[in-house]
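Below: the structure, in structure tokens.
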Protein chains: 2
Amino acid sequence: MQITSRLTVAAHTLAVIEYFKDKNKTTSDFIASSVGVNPVVIRRILLQLKDAGFIDVARGSGGATLKKRPEEITLLDIYRAVDCVEEGALFHFHENPNPDCPVGSRIHAALDGYLLQAQQAMENSLNSVTLRDVLNHFSA
Amino acid sequence: MQITSRLTVAAHTLAVIEYFKDKNKTTSDFIASSVGVNPVVIRRILLQLKDAGFIDVARGSGGATLKKRPEEITLLDIYRAVDCVEEGALFHFHENPNPDCPVGSRIHAALDGYLLQAQQAMENSLNSVTLRDVLNHFSA
DNA sequence: ATAGATGTAATCAGAAAGGTTACAACAATA
DNA sequence: TATTGTTGTAACCTTTCTGATTACATCTAT
């Protein structure tokens, strides 16, 4: 089981929007051909990025543009915008531990803190990287 | 999308094995009733924990016992033993970025390092917690 | 021999992702 | 104002992955 590719697709999408901002109109078709997925998949992600306030999408005429500066958008922001994980919980807990068992009744409390720590360690790492950092890989 | 509950089920399983070691025979049925899942699910996980060298499982007579001390087993060890994530890659990368696009051809290289860092931050956190730490929540 | 377990295959249902088609709504422009 | 190219969005499909469940051969202690 892996975290959905929406994160990498969304990051790729934002990179395309910025990289081609002066060269091409970045329509869902254009982005889709760079990412290698169906345009509708891109449109769905564009909606999520728009809802998050990262981009503007032009109805009618078409094309997306960044609304924030690349250094203001982190991988964690993107990760959250595209709902990579249900209810923000990375680890899925089995749902019916036996409340009448001394272990079953306390296993949730015993593990939750550690699991949350691990999740936050991951999120902190994602939060330390901005879209600018990613774009820097395309300049040279 | 979330990480499979096999991690929490396996941790729960090991906790039961240790907690009840002098009180009960910890068969797959017994463990299953504490965890709240089907006994076959437990047996499959017992096999993985056995393959990892954490436990012995008695055929015939039944019951599982720890083979290592609880302080020698970390949550990361368990996480890896039960294959929570395919090929060790937490993030799923979209598979067909366009090699003829300046962004598509380099997006993998641009993101991989950051994603790996985030994954390792999570794994390091899991690695800092042992089964002993978890068991301590059941002593008081 | 028997009884109680484990090991393991086979099958099923449900969830989630992504692919795809289709089309209404929209905005620029000819 | 009609056309054209896009976006927004619904609907449906396929694939994949869990975990549930049934079934049974195998094993071991008694």
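Everything numeric in this text was worked out from a predicted model, so none of it was measured. In what follows, chains carry the letters A, B, and so on, assigned in the order in which the sequence lines appear, proteins first and then strands, with residues in each chain numbered from 1.
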When the distance from [atom1] of [X] to [atom2] of [N] is rounded to whole Å, what number comes out?
X: B/Leu49; N: C/dG7; atom1: CG; atom2: P; answer: 11 Å
X: A/Arg44; N: C/dG19; atom1: CZ; atom2: P; answer: 8 Å
X: A/Ile3; N: C/dG18; atom1: CD1; atom2: C1'; answer: 17 Å
X: A/Arg6; N: C/dA17; atom1: CZ; atom2: C1'; answer: 8 Å
X: B/Gln48; N: C/dT6; atom1: CD; atom2: C1'; answer: 15 Å
X: B/His94; N: C/dG18; atom1: NE2; atom2: C1'; answer: 13 Å
X: A/Ile45; N: C/dG18; atom1: CD1; atom2: P; answer: 7 Å
X: B/Asn96; N: C/dG18; atom1: CG; atom2: P; answer: 13 Å

Quick one, [X] and [Y] - any side-chain contact, counting heavy atoms below 4.5 Å?
X: A/Leu66; Y: A/Leu131; result: yes
X: B/Ile3; Y: B/Met122; result: yes
X: A/Leu7; Y: B/Leu115; result: yes
X: A/Val85; Y: A/Phe91; result: no
X: A/Thr130; Y: A/Leu135; result: no
X: A/Tyr79; Y: A/Thr74; result: no

Please give me the minimum heavy-atom distance between A/Ala64 and A/Thr26, naming the atom from each residue.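 Smallest heavy-atom distance, with atoms named: O-OG1, 2.7 Å.
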
Roughly how bent is the helix from C/dA1-D/dT30 to C/dA30-D/dT1 end to end, in steps of 10 degrees, with each end axis from five pairs?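 Between the axes fitted at each end of the helix from C/dA1-D/dT30 to C/dA30-D/dT1 lies an angle of 10°.
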
Name all pairs fulfilling the side-chain hydrogen bond (donor to acceptor under 3.5 Å, both in side chains) condition that reach into residues 58-68 of chain B, sequence neighbours left out, sorted by first residue then second.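 Residue pairs passing side-chain hydrogen bond (donor to acceptor under 3.5 Å, both in side chains), neighbours aside: none found.
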
Produce a footprint string for nucleotides 21-30 of chain C: one letter per nucleotide, 5' end first; B if the base is under 4.0 Å from any protein heavy atom, S if only the sugar-phosphate is, - if neither. BB--BBSS--

When hydrophobic residues are tied together by side-chain contacts of less than 4.5 Å, even through go-betweens, does B/Leu116 share a cluster with A/Leu90?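 Different clusters.
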
Contact class for B/Leu47 (heavy atom, under 4.0 Å): base, sugar-phosphate, or nothing?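 Sugar-phosphate contact only - B/Leu47 comes under 4.0 Å of backbone atoms but never of a base.
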
Where along residues 18-32 of chain A does a heavy atom come under 4.0 Å from DNA chain D, residue by residue in number order?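 Result for residues 18-32 of chain A: A/Thr27, A/Ser28, sorted by number.
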
Could you tell me whether B/Glu123 and B/Arg80 make a salt bridge, using a distance below 4.0 angstrom between a side-chain N and a carboxylate O?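 Answer for the salt bridge query: yes.
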
Closest approach to the side chain of A/Val37, judged atom by atom: which nucleotide of C/dG19, C/dG18, C/dT8 is it?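 The listed nucleotide nearest to A/Val37's side chain is C/dG19.
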
On DNA chain D, which is the earliest and which the latest nucleotide, 5' to 3', with an atom closer than 4.0 Å to a heavy atom of chain A?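 From 5' to 3', the first and last contacting nucleotides are D/dG5 to D/dT18.
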
Apply side chain to side chain contact (heavy atoms under 4.5 Å, CB included) to residues B/Phe93 and A/Gln2 and explain how you reach the verdict. CA-CA 9 Å; B/Phe93 216 103; A/Gln2 291 181 303; over 6 Å; no

Between the side chains of A/His94 and B/Thr8, is a donor N or O closer than 3.5 angstrom to an acceptor N or O?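 A/His94 vs B/Thr8: donor-acceptor pair found between side chains.
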
N/O donor-acceptor pair under 3.5 Å between B/Lys23 side chain and B/Tyr19 backbone: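 Such a contact is found between B/Lys23 side chain and B/Tyr19 backbone.
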
For residues 28-54 of chain B, please give each side-chain donor-acceptor pair under 3.5 Å, one per line with the distance, not counting sequence neighbours.
residue	atom	partner	partner atom	Å
B/Ser28	OG	B/Arg43	NE	3.2
B/Ser33	OG	B/Phe30	O	3.0
B/Ser34	OG	B/His12	NE2	2.8
B/Asn38	OD1	B/Val40	N	3.0

